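The block underneath contains the structure these notes are about, expressed in structure tokens.
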Number of protein chains: 2
Amino acid sequence: MERPRIRDYFQQDLSQNETITPKQRAILQASLDLFAEKGFDQTSTSDIAQRAGVAEGTVYRRYKTKAALRDAILAPIAAHIVPILASDFSEDALRQRYPSLQAFVTAIFTDRVAFAKANVKELKVIFEMVAFDAERREQILSQIAPKMVKQMGSVINQLKADHLIVDWPNDLILQSLLSQLFGYLARLMLELPGTEIEREQAYLITVMTKILTPGEHDQITGQ
Amino acid sequence: MERPRIRDYFQQDLSQNETITPKQRAILQASLDLFAEKGFDQTSTSDIAQRAGVAEGTVYRRYKTKAALRDAILAPIAAHIVPILASDFSEDALRQRYPSLQAFVTAIFTDRVAFAKANVKELKVIFEMVAFDAERREQILSQIAPKMVKQMGSVINQLKADHLIVDWPNDLILQSLLSQLFGYLARLMLELPGTEIEREQAYLITVMTKILTPGEHDQITGQ
DNA sequence: CATTAAAATGAGTTATCACTCACTTATTTT
DNA sequence: AAAATAAGTGAGTGATAACTCATTTTAATG
């Protein structure tokens, strides 16, 4: 069960780009840190310059606007988050038949959690955008959601055929799984007190497995 | 099972305050709407004045700063959210022994969901604050979390004694429940497409009940 | 109706922020 | 090492935002 080793998507991050000068890298890092700490609007370009140890003009050397700077930070994430969240299933998860639900859940979420952990700050910035920019929200969601529903749907349907998973509508299954995942991520991102990462992660898989295990009491109760 | 009728906490909202002029009420309403739509920082006081149909000076008549205006909006929520989230259990839930898990889950979450639905905008503004204001986050959490853990803990322990609930650590039980709740609320707040409220809510209770039902496979798997 | 107090106004003030540009410093190229 | 190109600088600019205040409008009171 060593299968889903962590991909190297996120090792190819800011520090990877070759044609970038040290000061520019410092600017990117400072921007990311500040955006995650205080939010995009609460961060001024002079804040960024100060944190990065450069002149304010330098901030504008490569990126013409503050928004472009944010987008440059999010670009690599946006490019990878779609495959990570969705497309991967076709090659990996879909072809393989999982012997148990727990194996499936573990396989599916281990690398996603790892990805999220390695990109907590970036995710915070993305969330800020999604929460208050309706246009971008739809743009991002329309990009991710259908693929995800489709790909995950295939796996779920296969598990349903094998009677390994509860017979609920796929979107509801997805919502309950994502809720658990995001609840876990929220504790990471907000640095809530009393978070023991390892235990939480084991628990995450346990809960997800339990949700998905078929049983007799699974009809949805109308009110 | 008609028990938890919706409290009138949230009927005593903005429109309740007697010593307030129509224009001031319009300002509060416009502020709330805009903060929820665009975020606090992206909303200017002239935006507010325009939306409310008043002069910009009028915005500053009662509240000296923009932040004070936001706080005035959040005050009634903050005053009620604590009892709603936590203290209520002592009178209501704790004394009563629930015949089944589903009865418990239904009782606990029906009024909370109703509260959340009636205050979606306010919650959005609170979330924005909590997400990017570390100080306030700790302030709010230190106010809510301990009460909640304590009160919910009592109920959970009682259910544990009756073997009606899974034997997991209380904080982990809480996290999984809150994850489901917030996942549901996220769909409300972000107006995600394809959300059928009634079905979702019935599903929410089903999933929570399933998570909590004791079973043989409930030991938490180490990694 | 006259007087007084409160509410509302909007032009104006101050501060900050995103962004520019003429210029200096560092790095390549020949 | 000279020339050329790129990177970096920081004072400066225009725009916008929060906030003020002298004045006007509305409401309350006797």
Side-chain angles (χ1 to χ4, degrees), chain A residues 14-75 125-126 128-129 131-133 135-136, chain B residues 14-75 125 128-129 132-133 135-136:
Chain A
L14 299 179
S15 53
Q16 202 76 351
N17 199 333
E18 295 298 341
T19 71
I20 209 172
T21 151
K23 298 216 169 185
Q24 291 298 333
R25 185 174 306 151
I27 287 169
L28 287 173
Q29 189 62 56
S31 304
L32 174 59
D33 291 347
L34 286 166
F35 291 164
E37 280 171 31
K38 309 198 297 180
F40 181 76
D41 290 316
Q42 279 295 332
T43 302
S44 71
T45 48
S46 82
D47 283 342
I48 295 170
Q50 203 172 340
R51 176 78 66 101
V54 301
E56 201 174 342
T58 314
V59 175
Y60 286 89
R61 178 107 205 122
R62 184 151 311 213
Y63 306 104
K64 281 189 258 291
T65 68
K66 192 179 152 196
L69 178 56
R70 177 194 58 195
D71 295 344
I73 289 171
L74 295 185
V125 181
I126 289 180
E128 187 191 11
M129 262 176 46
F132 287 101
D133 188 331
E135 260 184 66
R136 252 173 228 270
Chain B
L14 298 179
S15 54
Q16 200 77 352
N17 198 332
E18 296 296 343
T19 70
I20 209 173
T21 155
K23 298 214 167 183
Q24 290 298 333
R25 185 175 306 151
I27 287 168
L28 286 173
Q29 189 62 54
S31 304
L32 175 59
D33 292 347
L34 287 167
F35 291 163
E37 280 171 30
K38 309 197 296 180
F40 181 77
D41 290 317
Q42 279 295 332
T43 302
S44 73
T45 49
S46 83
D47 284 342
I48 295 169
Q50 203 172 340
R51 174 81 65 104
V54 302
E56 202 175 342
T58 313
V59 174
Y60 286 89
R61 176 114 201 117
R62 186 149 313 211
Y63 307 103
K64 280 188 260 292
T65 68
K66 193 181 154 196
L69 177 58
R70 176 194 59 194
D71 293 345
I73 290 171
L74 295 184
V125 180
E128 187 192 10
M129 260 178 49
F132 288 102
D133 187 332
E135 261 184 64
R136 253 172 226 271

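From a predicted model like this one, the values you see are computed outputs, not experimental measurements. All chains are named by letter (A, B, ...) in the order of the sequence lines, taking the proteins before the strands, and each is independently numbered beginning at 1.
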Using distance alone, with no hydrogens and no angle criterion, decide if B:Ser46 and B:Glu56 have a side-chain donor and acceptor under 3.5 Å apart.
no
Under the criterion side-chain contact (heavy atoms from CB on, under 4.5 Å), I'd like the reasoning laid out for B:Met129 against B:Phe40: C-alpha separation, chi angles, the key distance, then a yes or no.
CA-CA 9 Å; B:Met129 260 178 49; B:Phe40 181 77; over 6 Å; no
Between A:Glu128 and A:Arg70 (salt bridge meaning N to carboxylate O under 4.0 Å), is one present in this structure?
no
State plainly whether the residues B:Asp41 and A:Lys38 are in salt-bridge range, i.e. N to O under 4.0 Å.
no
Among B:Asp33, B:Ile27, B:Val54, B:Thr58, whose side chain to side chain contact (heavy atoms under 4.5 Å, CB included) with B:Ile48 holds?
B:Ile27
Annotated protein contacts, base or backbone, on nucleotides 5-20 of chain D with a non-hydrogen cut-off under 4.0 Å, one of B, S, - each:
--BBBB------SBBB
Would you mind reading off the distance between B:Gln42 atom CD and C:dC17 atom C1', rounded to a whole angstrom?
13 Å
Just the rounded figure in Å: distance from C1' of C:dA18 to CZ of A:Arg70.
14 Å
